[in-house]
Number of protein chains: 2
Amino acid sequence: MGIIRKTKAVTTVLQIFEEKNEAKSVVHLIELVKDKMNKTTVYRILDRLEQDGVIHSFNGKDGLKWYAKCEGCSANHHSDKHPHFQCTECDKVECLSIEINIPSIKNHKVESTDILLMGQCEVCCV
Amino acid sequence: MGIIRKTKAVTTVLQIFEEKNEAKSVVHLIELVKDKMNKTTVYRILDRLEQDGVIHSFNGKDGLKWYAKCEGCSANHHSDKHPHFQCTECDKVECLSIEINIPSIKNHKVESTDILLMGQCEVCCV
DNA sequence: TTGCAATTGCAACATAGTTGCATTAATTTT
DNA sequence: AAAATTAATGCAACTATGTTGCAATTGCAA
């Protein structure tokens with residue numbers, strides 16, 4: 001169904017994604033807005049925004065759900081194909097615009113991929 | 001520290017992995033042995049087996065933790081580098097022995113990868 | 001077989017995420 | 001501009017996954 005009404009809560013969540021082009025875990029998001037809304041609301045807003053293709057989700061290295069807004073996102077073309085990078089030191093997650101070539105696998109039909117690269121980010125690399 | 005004693009519980013868990021070369025989610029494993037041992041024990045045995053390199057773990061598409069035993073596993077060479085394939089229809093997970101080439105990323109140091117391919121397996125492909 | 005440390009069971013806890021339902025607030029209708 | 005409609009929210013209770021402390025048990029070495 002997606003977003004129908006632009007409420008204060010929706011605006012608040014969207015602002016967080018617009019401020020910085022960085023992925024956020026749901027847990028972190030809930031913490032960020034805990035004075036302004038209920039955690040249930042956060043979960044529901046994220047669902048709706050994802051259905052509308054405004055943001056996309058993926059799993060972090062800890063198994064937690066992360067969300068990010070990025071260029072590739074739109075209602076039709078859910079950009080669930082690009083890889084993500086999570087820093088093992090500062091935990092920051094970035095969307096990568098690189099293409100990773102997946103060889104075809106015998107008798108299998110690959111429909112989507114979930115690729116998380118881990119290591120040291122620009123800041124922690126030093 | 002790893003496995004020191006070969007208890008009944010350890011044997012039971014190992015048998016499950018030896019029977020069939022297939023990955024299992026922790027939830028499924030707990031269900032399989034729920035008459036024989038406590039869930040805490042299952043978690044602890046899996047931890048120890050992983051530390052010994054007898055099995056390895058990774059995240060499934062649902063964010064759940066999965067474990068598998070496979071050729072590449074050993075105490076030193078924790079084969080956390082190979083990709084996995086999860087069927088979107090029957091949920092079965094397989095270890096893939098293919099190599100996926102990761103291009104180098106500017107100012108980042110990639111240390112490990114977590115690659116899950118999703119689609120239809122051999123059986124569900126028809 | 002005895003003793004000790006590893007292992008297990010259990011209960012209680014922690015955290016992520018979901019559900020039902022009454023209330024509130026955007027948006028549409030009049 | 002007020003009323004009506006219904007999406008969105010808050011709250012409490014719940015489910016599921018996973019962890020911890022501690023007492024009881026068991027594997028193994030001496």
Side-chain angles (χ1 to χ4, degrees), chain A residues 1-17 23-68 75 84 86 91 93 114 116, chain B residues 1-17 23-68 75 84 86 91 93 114 116:
Chain A
M1 199 176 292
I3 290 284
I4 296 183
R5 296 186 182 177
K6 193 147 194 176
T7 63
K8 275 179 204 163
V10 170
T11 309
T12 305
V13 172
L14 273 178
Q15 262 170 7
I16 292 172
F17 286 112
K24 300 267 185 211
S25 70
V26 180
V27 174
H28 186 202
L29 279 166
I30 289 172
E31 178 65 25
L32 282 175
V33 299
K34 68 157 179 262
D35 301 325
K36 293 174 187 159
M37 73 194 80
N38 192 275
K39 67 168 179 170
T40 311
T41 304
V42 180
Y43 280 109
R44 293 198 271 223
I45 288 177
L46 292 171
D47 274 354
R48 278 180 274 148
L49 287 174
E50 186 174 26
Q51 275 178 57
D52 273 19
V54 179
I55 55 176
H56 65 275
S57 71
F58 55 94
N59 294 314
K61 67 181 163 62
D62 39 19
L64 289 188
K65 207 168 185 182
W66 287 67
Y67 282 90
H84 294 92
Q86 182 159 22
D91 263 16
V93 175
D114 195 347
L116 182 67
Chain B
M1 197 176 293
I3 289 284
I4 297 184
R5 296 186 181 177
K6 194 147 194 175
T7 62
K8 275 180 203 161
V10 170
T11 310
T12 304
V13 171
L14 273 178
Q15 262 170 6
I16 291 171
F17 286 113
K24 302 267 185 210
S25 70
V26 181
V27 175
H28 187 201
L29 279 166
I30 290 172
E31 178 63 25
L32 282 175
V33 298
K34 68 158 179 260
D35 301 325
K36 292 175 188 159
M37 74 194 80
N38 192 275
K39 67 170 178 167
T40 310
T41 305
V42 179
Y43 281 110
R44 293 199 270 224
I45 287 177
L46 291 171
D47 274 354
R48 278 181 274 147
L49 288 173
E50 186 174 25
Q51 276 180 55
D52 272 20
V54 179
I55 56 177
H56 64 275
S57 71
F58 55 93
N59 294 315
K61 67 181 163 64
D62 37 20
L64 289 188
K65 207 168 184 183
W66 287 67
Y67 282 91
H84 294 92
Q86 182 159 23
D91 263 15
V93 175
D114 196 347
L116 182 67

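Throughout, protein chains are lettered first and strands after them, A, B, ... in sequence-line order, and every chain is numbered starting at 1. For clarity, every value in this text was computed on a predicted model and none was experimentally measured.
Rounded to an integer number of Å, the gap from B:Asn59 CG to D:dT17 P is 14 Å. The CZ-P distance, from B:Arg48 to D:dT19, rounds to 14 Å in whole Å. C:dG17 atom C1' lies 14 Å from atom CG of A:Leu29, rounded to whole Å. One interatomic measurement links the two molecules: CG of B:Asp62 to P of C:dG17, which rounds to 12 Å at whole-angstrom precision. Nucleotide C:dA14 holds its C1' atom 13 Å from the CG atom of A:Leu64, rounded to whole Å.
Using a 4.0 Å cutoff on non-hydrogen atoms, the parts of residues 33-47 of chain A near DNA chain D are A:Lys36, A:Met37, A:Asn38, A:Thr40, A:Thr41, A:Arg44, A:Ile45, ordered by number.
Applying the side chain to side chain donor-acceptor pair (under 3.5 Å) test to pairs two or more places apart or on separate chains, those with a residue in residues 58-68 of chain A are A:Lys61-A:Asp91. Applying the salt bridge (charged side-chain N to carboxylate O under 4.0 Å, His left out) test to pairs two or more places apart or on separate chains, those with a residue in residues 24-36 of chain B are B:Glu31-B:Lys34.
Taking all atoms of both residues into account, the shortest heavy-atom contact from B:Phe58 to B:Ala23 is CZ-CB, 3.7 Å.
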request  = Take nucleotides 23-30 of chain C nucleotide by nucleotide from the 5' end and write B, S or -, depending on whether a protein heavy atom sits under 4.0 Å from the base, only from the sugar-phosphate, or from neither.
outcome  = --BBS---

message = Before you tell me yes or no, could you show the steps for A:Val42 and A:Leu46 under side-chain contact (heavy atoms from CB on, under 4.5 Å), namely the whole-Å CA-CA distance, both residues' side-chain angles and the distance that decides it to 0.1 Å?
response = CA-CA 6 Å; A:Val42 180; A:Leu46 292 171; 3.9 Å; yes

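Remark: B:Thr40 engages B:Asn38 in a side chain to side chain donor-acceptor pair (under 3.5 Å) (not counting sequence neighbours).
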Contacts under 3.5 angstrom, residues 3-16 of chain A side chains, donor-acceptor by atom type, not counting sequence neighbours:
residue	atom	partner	partner atom	Å
A:Thr7	OG1	A:Val10	N	3.3
A:Thr11	OG1	A:Thr7	O	2.9
A:Thr12	OG1	A:Lys8	O	2.8

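For the atom pair B:Leu64 CG and B:Ser57 OG, the distance stands at 12.5 Å (nearest 0.5 Å). Rounded to the nearest 0.5 angstrom, A:Glu50 CD and A:Ile55 CD1 are separated by 6.5 Å.
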